[in-house]
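In the text below, chain A, chain B and the rest are named by the order of the sequence lines, each starting its count at 1. No hydrogens, no waters, no symmetry mates; every other heavy atom, side chains included, goes into these values. Values in this document were obtained by computation on a predicted structure and should not be read as measured data.
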Amino acid sequence: MPRSSVLRRRLTALACATGLLWPALALAIEEAELKAAIVFNILLFVEWPASVLPEGSDLVMCVAPQAGLSGALKKLAGRDLRGHRLEVRDMPPAAPRSCRVLYVESAERTRLGASLAALSAAGTLVLSDDADAPRDSTAIVLQRAGNKFVFDVRLQPVRTSQVQLSSKLLRLAREVIE
Amino acid sequence: MTSKRSVLRPALRVLAPLVLGGSSVLAAPTAPDLAAAGLDTLLDLEVTGASKLALRASESPATATVVTAEQMRQLGHRTLADVLRSVRGTVVSSDRTYSYVGVRGFALPGDYNTRVLVLIDGNRVNDSVYEQGFLGHEFPLDLDLVERVEFIHGQGSAAHGANALFGVVNVVTRRGGVAVGREVAVGLGRGAERQLRATGHLPIRTGTDLLLSATLRRVAGTDVEYPGAGSSHETDHERGRQLFAKLTSGELSATLLHGDRRKGLSSYPETVFGDPRSRLRDTHTLADLAWKHRLGSAGTFTLRGYSGRYDFQADYLIDYPPLSINRDTAASRWWGVDAHFSTERFAGHRLVVGADLQRQSRRDQANLDVWPDVVGYLDDRRSSWRQSLFVEDQWQAMPALTLGAGLRLDRQQGSDPHLSPRLSAVWRASEAWTLRAVHGSAFRPPNAYELYYGGSDSYKGNPDAASERVRGIEVAAEYRPDATTRVSLAVFSNRLTGLLVQDIDPADGALVFRNAGRMHLRGVDLEVEHAFAGGGLVRANVANHHVHDLSGLGLDQHSPRRLAKLVLLQPLAAGWTLGLEGVAIGRRGDVAGHALANVTLSSLVLADRALLSVSVYDLFDRQASDPGGDSVLQPTAPHDGRSLRIKLETRF
């Protein structure tokens, strides 16, 4: 799937250039907001077995409290994700067993280390923005390509964690890795 | 799948309800509910917000500056030297033959950038005869093919080996996977400069991409005015050709690049001034094949084979008497294998272990008169081996503290082994504050030119020359209150010993290199960067250097005490972007301090299929100079003065 290159960055300027929309909406799509929206929408295509995520329970997402993504994700807290309420928590220092979804930045990865694989096997969906994230634990890698976002899916942790991904999600992925 | 789809449609889907859904167009805009837009729409949207401060790819704990391809186009950068011009603490100069960079107070005229390591995707560009860091039009890669340039300050020998005394320039080429289709670029500049590039991208199968590019450049030349020597006509011409090929297929990637530049010399020390028979030629060929394999959760293994070749030939018209053409040549050939393994198996540690084996199969230099009679002076042929082992660990001792330790052992055939350690600490004191401290050691073995160039009464080699060493420390504080602003203050101190300096041996009057220099360079620099909501960016830095020549050889007289730089990128109406670059350099010896400004206007044209940029260099026509290659025979090298360049890059 082709990605945007340096020459395509002004396309959104076109979108705002029609008389109706400019200058009333000097819309800036912030990176953190877009990233959080994409993470939320990815989760809409994920299903956990009832033994791991019971009906009606909250879906807990843990993310390191760094500036940007954590704030944007917290704004989406309380929304409905296929019958589960989204709860966003700061990543606790110890291995977070209560987290159903984990967003791991590359800096945090060395600290969590081997426990990530164990967490993933126990039913935690791990997302990251780092291409070097280990293939046996990180199911989804979200990266910026030019000014847009793309994501890759790794099937190995998906299989071991018994999490189900909709085929539509796999079609939208840039790359699906075994 | 989504490349041809216009962003207008999905963007309207998000924005239209806002405009048509009852609220008045004049009311304050509310943020759209991005999360409700649908995943396929979101993947089509572009980030237009302020968070555009480029994050560096390198893991180095030292301060680094990153310049992206977009910034290079918006500022009208033509060469790697132009890119480094606005980097904090650097002084870029040119003697109209090559471009040079002085870093953090170290600036020696005639230095072939041997103390800065230049890498293309991690491969050395510095050759095996002069160990030169090529930065100008002699650099074998067209800047249009570069995705980003990272300048990493400080001693880089712990990771990269020889020559990284004051910094590492890492040039990252465009990845094969980025869709390009076909591209043609045309540039016109001063001195009847014409540049043409054609680039093609061929996706061979899924996962396999080939990128091919060819560039031709011709400069008819300008008249150059040398104060006190007159004007040289029709001698400053240049002809260049560059080829690039990159194949990526899953875990394998192969790169081949070739550059060939011929240049007329307008005023070279000892040559007949202004005669068109003086010229030189630089030819590079670099190839590498890399395999990067993930070993499950154990780590990543990278194996790389590389090969390089650099040929230099210069013809100098000298009036001994009689009038003769003297030819100087150098042939560099090197190849090697580099393997490294990085792992995170040990909780909290990021460990890299590696080895590099390099054979410098040719380090040949020759000098002879070719006209009117053939007289040989030098025909020196050498070869050498280099072996290295390195290890580096980044340990996240606490959530906010990362400690790093690195060590590299380098052995060059015929000299003592070098141990280059590096220690670092990065402390994320809070969300906004990061403090870094790095202490490192670096070395540079004498190059073939310093060791073996001789054969006449004027020059002789010094086979007993030893390596130069530098030990440095840098402490930096970085303040990032949000994703759009960054303030960085760095204090550094570098102690250089065994600096190879060319001096006249009183015994026979010949010029020879000796490890006679000792210098202490210290200073402070401050940089402020801010990205504006509308897409603009401003970056300003100031530096103050104290340079002490402890050996009393006058090595500090060409270092400017103060530097100030400004970069401003501002989107204007109708899709145009303004790029402004200003540089102010203090006095360097006999060369007065000066300030230069370059301005570029760029815009997408032809229904967004092309990028047009118009640049004016030296906007105020300061006609500044740089210190020349030789303080007696060429004390200053004049710049071009105000010049215009127009460039059109088309994609189809």
Side-chain angles (χ1 to χ4, degrees), chain A residues 1-16 20-21 24-34 36-38 40-42 44-45 65-68 76 79 93 107-115 117 132 134-137 144-151 168-169 172, chain B residues 1-3 6-8 11-12 15 18-19 25-26 29 31-32 34-35 37-40 42-51 69-70 73 177-180 294 296-297 300 344-350 394 396 399 402 431-432 480 482-483 533-534 571 575 604 608-611 649 651:
Chain A
M1 183 167 124
R3 286 178 251 155
S4 61
S5 77
V6 144
L7 296 178
R8 299 192 60 185
R9 65 191 159 74
R10 289 276 156 221
L11 286 176
T12 45
L14 263 187
C16 297
L20 256 184
L21 301 170
L25 294 167
L27 201 68
I29 298 176
E30 297 288 334
E31 174 171 356
E33 256 83 54
L34 183 56
I38 290 175
F40 180 82
N41 275 268
I42 285 175
L44 282 172
F45 293 102
Q66 84 283 101
L76 300 173
R79 292 201 185 206
E108 294 296 316
R109 209 178 69 239
T110 40
R111 194 169 56 81
L112 293 167
S115 60
D132 286 325
R135 218 176 277 189
D136 60 352
S137 62
R144 196 166 146 168
N147 278 339
K148 293 188 187 179
F149 279 101
V150 292
F151 69 95
K168 187 180 178 197
L169 185 69
L172 288 173
Chain B
M1 182 165 38
T2 57
S3 63
S6 151
V7 136
L8 184 64
L12 274 180
L15 304 169
L18 208 68
V19 175
V25 164
L26 298 171
L34 283 175
L39 190 55
D40 44 0
L42 291 172
L43 293 172
D44 253 348
L45 288 181
E46 290 198 16
V47 177
T48 55
S51 31
E70 190 174 15
R73 280 171 171 80
V178 177
V180 151
R294 289 222 171 93
S297 58
T300 308
E344 285 169 39
R345 287 191 55 63
F346 309 107
H349 290 264
R350 221 181 224 161
Q394 296 277 338
Q396 192 157 14
T402 304
E431 269 181 36
R480 278 186 189 246
D482 50 49
L604 286 177
D608 282 0
R609 289 196 170 285
L611 182 73
E649 279 180 85
R651 218 160 50 98

Review point. Which heavy atom of A:N41 sits nearest a heavy atom of B:L39, and at what distance?
Key: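 Where A:N41 meets B:L39 most closely, the heavy atoms are OD1-N, 3.7 Å.
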Engaged part of A:L44 at the chain B interface, taking heavy atoms whose separation is under 4.5 Å
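It is neither, since no heavy atom gets under 4.5 Å.
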Okay, A:L76 and chain B: the region with an atom under 4.5 Å from a heavy atom over there is side chain
* Do A:F151 and B:L43 pass the side chain to side chain contact (heavy atoms under 4.5 Å, CB included) test, and can you show the C-alpha distance, the side-chain angles, and the key distance before you say yes or no? -> CA-CA 9 Å; A:F151 69 95; B:L43 293 172; 3.8 Å; yes
